**Student:** 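Mind having a look at this structure? Questions to follow.
Quick caveat, the model's predicted, so the values are computed rather than measured. Heavy-atom basis, side chains included; hydrogens, waters and symmetry copies ignored. Sequence positions, counted from 1, serve as the residue numbers for this chain.
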Amino acid sequence: MRFDVLEPLARLATTAEAIEGLRDLFAAEEPLDDMAARVAATVVAAIPYADAVSITVLSWPDARTVASTHERALELDHHQYASGRGPRLEATDRHRAPVRAVIGDEQHRWPEFVEAAQRVGIHASLSVPLLIDGLSEEQELVGSLNIYSQTTSAFDPFDAELMRLYTVAAGQAISNAGRWQHSRETVSQLEKALLSRSDIDMAKGALVALHGCDPGDAFAKLVDESQRRNIKVRDVALELLDRMKSPSGRAVR
């Protein structure tokens with residue numbers, strides 16, 4: 001078998017191993033940023049000349065970089081966010097397809113990005129959209145995988161197609177992590193709300209017992225105190241309950 005055939009096969013095998021390594025990520029329950037960091041690290045190992053990798057996630061109203069393997073990848077992402085143009089935006093907003101770029105050839109199209117890239121020694125980039133199957137026939141865009149290289153000749157069409165295949169799995173893993181994190185945050189907020197309601201209900205009961213008022217008037221007293229002091233109703237309730245634990249405590253009037 002010729003060498004020029006063996007070399008692409010070796011790259012294909014490396015990418016296949018990286019995709020295989022994503023299997024554990026689907027079962028993992030961890031924050032989005034941690035998941036994205038693991039995905040970015042696998043890309044560095046999977047594609048030749050990948051000197052810095054970042055992952056952008058689209059979250060309303062702005063996109064943000066949730067993981068990067070090198071500070072310069074983060075810096076180049078931020079320049080694209082600020083200027084509103086660059087290979088990442090081309091890949092996600094315009095084409096929804098991999099975008100390869102030789103930095104020195106793109107001065108007129110992305111002047112701010114080119115200047116920043118040359119300043120940190122980056123000469124080529126490959127940006128690939130992270131797409132997942134949605135409820136409709138159209139795929140849902142969740143972000144992008146951004147690969148930067150110090151080598152001008154890095155990233156040929158074969159690399160672009162390999163990363164397009166890779167991001168099918170990576171995008172799903174990142175999307176799952178985002179949903180898991182959102183669920184955890186929602187549960188935490190509900191737990192805090194329930195605790196807050198419990199404290200307020202106990203304070204209301206205490207005021208009913210002390211003043212012989214009905215629950216509505218008791219809650220109104222807590223709200224009035226909250227507004228007068230510009231603090232949360234729950235904080236007023238907690239203070240009241242703490243004071244009642246002391247024999248010399250004074251309740252809300």
Side-chain angles (χ1 to χ4, degrees), residues 11 15 18 32-33 35-132 139-168 170-171 173-175 177-178:
R11 290 154 66 188
T15 302
L32 172 61
D33 292 21
M35 172 72 75
R38 293 173 64 186
V39 171
T42 64
V43 173
V44 173
I47 188 167
Y49 306 111
D51 296 309
V53 173
S54 70
I55 292 177
T56 296
V57 167
L58 303 181
S59 55
W60 183 260
D62 300 310
R64 73 181 182 96
T65 299
V66 295
S68 62
T69 62
H70 196 284
E71 186 66 29
R72 57 190 161 192
L74 185 62
E75 180 179 343
L76 293 179
D77 285 357
H78 285 170
H79 275 283
Q80 293 179 78
Y81 302 149
S83 66
R85 51 188 172 183
R88 185 202 71 78
L89 295 169
E90 289 282 326
T92 56
D93 296 358
R94 293 190 60 186
H95 302 297
R96 288 202 171 196
V99 171
R100 296 178 296 116
V102 176
I103 304 303
D105 297 341
E106 306 295 345
Q107 181 65 46
H108 294 294
R109 187 159 55 152
W110 313 316
E112 302 89 352
F113 173 77
V114 169
E115 180 182 353
Q118 291 176 337
R119 187 168 59 249
V120 297
I122 293 298
H123 300 292
S125 70
L126 173 61
S127 293
V128 187
L130 294 171
L131 298 165
I132 62 171
Q139 288 183 303
E140 178 187 353
L141 178 68
V142 297
S144 65
L145 174 66
N146 314 299
I147 312 170
Y148 303 106
S149 178
Q150 296 171 287
T151 303
T152 303
S153 59
F155 315 138
D156 58 20
F158 190 70
D159 291 323
E161 285 305 300
L162 287 180
M163 287 299 99
R164 185 182 64 79
L165 293 173
Y166 178 82
T167 56
V168 172
I174 290 171
S175 178

**Student:** Donor-acceptor pair, Thr56 side chain versus Ser144 backbone, under 3.5 Å?
**Tutor:** no
**Student:** Could you grab the distance from atom OG of Ser54 to atom CD1 of Ile147, nearest 0.5 Å is fine?
**Tutor:** 9.0 Å
**Student:** Can you see which heavy atom on Ala36 is nearest to which on Val66, and at what distance?
**Tutor:** CB-CG2, 3.4 Å
**Student:** What heavy-atom pair brings Gly86 and Trp110 nearest, and what distance separates the two atoms?
**Tutor:** N-CD1, 3.5 Å
**Student:** Could you tell me how the ring of His78 sits relative to the ring of Tyr81: parallel (under 30°), tilted (30 to 60°) or perpendicular (over 60°)?
**Tutor:** tilted
**Student:** Taking only residues two or more places apart in sequence or in another chain, which ones pass side-chain hydrogen bond (donor to acceptor under 3.5 Å, both in side chains) with Glu90?
**Tutor:** Arg94, His95
**Student:** For Ser125, what residues pass the side-chain hydrogen bond (donor to acceptor under 3.5 Å, both in side chains) criterion, not counting sequence neighbours?
**Tutor:** none
**Student:** Going by the rule side chain to side chain contact (heavy atoms under 4.5 Å, CB included), which residues pair with Glu75 if we only count those two or more places apart in sequence or in a different chain?
**Tutor:** His79, Arg119, Val120
**Student:** Show the nearest heavy-atom pair for residues Thr92 and Gly143, with the distance to one decimal.
**Tutor:** CG2-O, 3.7 Å
**Student:** State, to 0.1 Å, how close Val44 and Ala50 come at their nearest heavy-atom pair, and which atoms those are.
**Tutor:** CG1-O, 3.9 Å
**Student:** Is there a side-chain contact between Ile47 and Leu126 in this structure, where contact means two heavy atoms from C-beta onward sitting under 4.5 Å apart?
**Tutor:** yes
**Student:** Kindly write out the residues that satisfy side chain to side chain contact (heavy atoms under 4.5 Å, CB included) with Ala154, not counting sequence neighbours, or none if the list is empty.
**Tutor:** Tyr49, Ala124, Ser149, Thr151
**Student:** How far apart are the closest heavy atoms of Val102 and Thr152, and which atoms are they?
**Tutor:** CG1-CG2, 3.5 Å
**Student:** Counting N and O atoms only, with roles assigned by atom type, does the side chain of Asp51 sit under 3.5 Å from a partner on the main chain of Gln150, one being a donor and the other an acceptor?
**Tutor:** yes
**Student:** May I have the step-by-step check of side-chain contact (heavy atoms from CB on, under 4.5 Å) for Leu76 and Phe113, ending in yes or no?
**Tutor:** CA-CA 7 Å; Leu76 293 179; Phe113 173 77; 4.0 Å; yes
**Student:** What pair of heavy atoms forms the shortest contact from His108 to Pro111, and how long is it?
**Tutor:** O-CD, 3.9 Å
**Student:** Please examine the side chains of Gln118 and Ile103, heavy atoms only from C-beta on, and report whether any two atoms are closer than 4.5 Å.
**Tutor:** yes
**Student:** Can you name the side chain to side chain contact (heavy atoms under 4.5 Å, CB included) partners of Ala91, sequence neighbours left out?
**Tutor:** Val99, Ser127, Pro129
**Student:** Just to verify, what does Arg85 make a side-chain hydrogen bond (donor to acceptor under 3.5 Å, both in side chains) with, not counting sequence neighbours?
**Tutor:** Glu112
**Student:** Does Pro48 reach the side chain of Asp159, with side-chain heavy atoms less than 4.5 Å apart?
**Tutor:** yes
**Student:** Only counting residues at least two apart or in another chain, list the ones meeting side-chain hydrogen bond (donor to acceptor under 3.5 Å, both in side chains) with Glu115.
**Tutor:** none
**Student:** Mind checking the CG-CG spacing from Asp93 to Leu58? Nearest 0.5 Å is all I need.
**Tutor:** 7.5 Å
